K.L.:
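My questions all concern the structure below.
On a predicted model such as this, the values are computed, not experimentally measured, just so you know. Here is how names work: the chains are called A, B, and so on, in the same order as the sequence lines, proteins then strands, and each is numbered from 1.
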Amino acid sequence: MAASIIETTGLTRSYGDICALKPLDLLVPEGEWLSVMGHSGSGKSTFMNLVGGLDRPTSGSLQVGGENLLALSEDGLARFRREFVGIIFQQHHLVPYLTAVENVMMAQYFHSVPDEAEARFALERVGLGHRLKNRPGELSGGEQQRVCIARAIINSPKLLLGDEPTGNLDHKSTIMVMELLKELRAEENFTVIMVTHNQEVAAWGDRTIYLDDGILVREERLVKTDEG
Amino acid sequence: MIAIVYKLIPHLLSWFCIVLVLLRCFSVRRSVIMIAGISGFICGVADSAVLFRFFSASTSYAVIKSALGASFFLFWTIAVVAVYRSGERSTTVSSRARWFDSSFSAGVISAFIAIVSGAICACRIPVVDSGALTYAVPVLAAISLAYASLCIEKRISVSFKAAPLGAFAAVVALLLFSSSSLPRLDLFSPLSMKVMKGVHDFVHQFMESILIPDHLFVKPIVWKYIGLLFGKEVGFWGGIIIWFTPVLLIALAIGSARLPSVAHIRQGAQRRKLLAAAIREQRLQLVIPFFSIVIFAGAAYQSSFPSVEYWDPTPVAVTANQAGEIFIPKTGEINLEDGKLHKYLFKQGTREARFFILLGPDGQLTVDLDACAICKPDGYGQADGAVLCYYCKTLIPLETVGKPGGCNPVPISFIEKGDGVAIDGITLINSWVSTVQATTRVTEGGK
Ligand SMILES: Nc1ncnc2c1ncn2[C@@H]1O[C@H](COP(=O)(O)OP(=O)(O)OP(=O)(O)O)[C@@H](O)[C@H]1O
Ligand SMILES: [Mg+2]
């Protein structure tokens, strides 16, 4: 059995008197694709933000990739996000006045130094080789989300977080994006945590956990029909 | 005692920084640097004391100044070599680094630097009242500052490394800063003076060699440009160029050093990360050369305000008798033979001349114009053991006052008559006029 990339025990997060995440114990093995489902307001994004180092827990312990996120300083946490995590949101958060390739290079810049050839290659991998010089406004929703994927994987993260990346996409684009993520995971072996409201999207994963009002209520291991 | 500590501030401050740089530069144990540095400093102070006790002041200064001159010259050489080599990929660096980082070489280098540093520091202590106790002041101060330096150095982030090149620049800058407040050790003023004299001599030779007798064929407009070459600006800017070039070259060498090759690393993120780290390290290494540039500027600035208190006498007006002879009695209101510089102003009609009389160390009086053949006639003041040209801030040792040439005051012939000195008024005026014409014409753009 693979080592765990994420280990939480008694992890909580409260906003004032709202307890968005009740004590959560969870192990995520390295290389797993974990789907997170639940009603709106059930604490899915809260969980993602904690795991991605975007937010700090109120209590409990949280180990990601062998690092104790509670012990990291602000700088340490920034380095962790930079080098360890790739994130895709529902809203693409691309810089509107930069081209696709420049948006990817921006992520390289914040990580280390920009490298245009590598950024181009990353866009070619997500099938946007012909749209390098287009701004986000000139791309379709599915294409924008693919730019986000290129941006998220450019720094070779060990952990890819998706917070409803396909929430705004139609069925066809959703399939395309999910297929792409699956291919990339096969090549790069990163761990995926995917928040979704869509049962079909959740089915791409190895396991689904269900959150309700900040509590892990159920978990389901999926038997892959297409992988025998 | 407090006065001495006050005087020693620039020297002790640079000592403090030198220790800091040395500790940061070598990766040997800190105790090696501390022991070598402190014992070197004590040796330096002792050396200086011995020199001044057994040799003349000018010899002693010359010894220390040569050490400084040599290190500045070495600095130039290293800077040029560094720029020349900066394009190479650093393959031999490991063997060089191994030699550099042995305890022995680190100790020797530190000790040598500390000796020079201590010697400069001790020069600031007046020879007359220097008991062993007086010398204890800089030694004790240096030891405590070295210790303070050690404590601070431990707190500086490890990522802030001092590359040998940068550290060398900083040490030379600090030594020159330390010495620049002592006019007789200062390198910057004589450097600009040499440049000025060099240009002056070259233009002069050039004019003579192409047989242009003064300004017979040369139009005034041309003089304007030639004049520029004689100005203080030429000496100053020439000096500045020589002064700052090596440290700029070193900054250039560090800045343009080839980054380590990362092409063999397959994963993009990893490759970029290594590259970014190398770039960051290179940038951090530039901090020390830039700090050195500031120190060099400080040294040049300090050198134009020598801290020796000089005596600036007001000229006494004198007249000639019927025979056209100026007679100045040796004793009376003014004692000519008291070793001080006595200035006089002689007026004849619309023309005037300034001169001074001084008793040399050889016991002979000398009469000189208050001007030299090179500088604008701003005149001279008296510093200890020397006269100081107000214009170019060069110190002329008393031994050479009365000899012609260079920045020496122009000597005037005179006769010692009984109890006074007699000077021919016409000779004096003519000599003044021709000297001053030669220097002001060119400096003011020619007429
Ligand atoms: N910054 C915040 N300040 C205060 N309350 C917050 C904050 N962020 C989230 N919450 C609250 O925490 C709870 C969980 O929010 P969270 O965003 O995790 O839900 P979610 O499961 O992602 O919902 P959705 O599916 O709508 O995105 C909600 O009640 C929300 O109002
Ligand atoms: Mg959410």
Side-chain angles (χ1 to χ4, degrees), chain A residues 52-53 65 67 73-76 78-87 100-126 129 132 147-161 184-191, chain B residues 20 24 27 82-83 85-91 93 151-163 165-166 250-291:
Chain A
E67 299 238 41
S73 63
E74 279 308 315
D75 282 351
R79 183 193 46 75
F80 167 79
R81 283 196 298 266
R82 218 164 43 221
E83 295 178 3
F84 202 81
V85 190
I87 307 181
V101 79
E102 285 164 348
N103 265 288
V104 176
M105 284 166 72
M106 186 110 130
Q108 293 175 320
Y109 171 78
F110 285 115
H111 172 267
S112 48
V113 286
D115 180 340
E116 191 175 346
E118 200 192 317
R120 281 166 182 275
F121 178 67
L123 284 170
E124 280 160 18
R125 270 175 93 182
V126 299
L132 296 173
V147 176
C148 289
I149 294 173
R151 182 179 64 178
I153 59 158
I154 191 71
N155 295 322
S156 305
K158 286 260 175 294
L159 181 62
L160 189 79
L161 305 178
L184 291 171
R185 182 174 78 126
E187 288 167 34
E188 306 254 329
N189 296 318
F190 45 71
T191 306
Chain B
L20 204 63
R24 201 20 82 109
S27 55
V83 169
R85 294 188 138 192
S86 63
E88 290 174 14
R89 222 180 261 301
S90 42
T91 43
V93 120
C151 296
I152 290 178
E153 196 267 344
K154 281 181 180 164
R155 269 152 219 237
I156 301 174
S157 146
V158 248
S159 62
F160 196 80
K161 294 190 197 87
L165 270 183
I250 283 196
L252 182 75
I254 292 178
S256 62
R258 292 270 280 277
L259 292 167
S261 163
V262 289
H264 60 282
I265 296 165
R266 277 193 54 241
Q267 198 198 66
Q270 193 64 22
R271 184 174 59 229
R272 280 185 281 114
K273 211 173 120 183
L274 286 175
L275 198 62
I279 291 172
R280 193 179 119 85
E281 187 179 329
Q282 194 172 46
R283 288 204 187 130
L284 277 178
Q285 282 189 353
L286 278 174
V287 171
I288 289 193
F290 279 115
F291 162 78

K.L.:
Between A:Asp115 and A:Ala117 (side chain of the first, backbone of the second, donor and acceptor by atom type, cut-off under 3.5 Å), is there such a pair?
P.N.:
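Yes, the answer is positive, given that a donor and an acceptor are paired below the 3.5 Å cut-off.
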
K.L.:
Output yes when A:Glu118 and B:Arg271 qualify as a salt bridge under the 4.0 Å nitrogen-oxygen rule, no when they do not.
P.N.:
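Looking at B:Arg271 together with A:Glu118, the answer is yes, because their closest N to O distance falls below 4.0 Å.
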
K.L.:
Does any heavy atom of chain A fall under 4.5 Å from the side chain of B:Arg280, the backbone, both, or neither of them?
P.N.:
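For B:Arg280, there is no contact with chain A at all, as no heavy atom is under 4.5 Å.
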
K.L.:
Going by heavy atoms in the side chains, are B:Phe290 and B:Leu286 under 4.5 Å from each other?
P.N.:
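They are in side-chain contact.
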
K.L.:
Could you go through the salt bridge (charged side-chain N to carboxylate O under 4.0 Å, His left out) check for A:Glu188 and A:Arg125 one step at a time?
P.N.:
CA-CA 12 Å; A:Glu188 306 254 329; A:Arg125 270 175 93 182; 3.1 Å; yes

K.L.:
Sort B:Ile279 into side chain, backbone, both or neither according to what part of it lies under 4.5 angstrom from a heavy atom of chain A.
P.N.:
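For B:Ile279, side-chain heavy atoms alone lie under 4.5 Å from chain A.
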
K.L.:
Would you mind checking which part of A:Gln108 comes under 4.5 Å of any heavy atom in chain B, side chain (CB onward), backbone (N, CA, C, O), both or neither?
P.N.:
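Contact with chain B: backbone and side chain both.
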
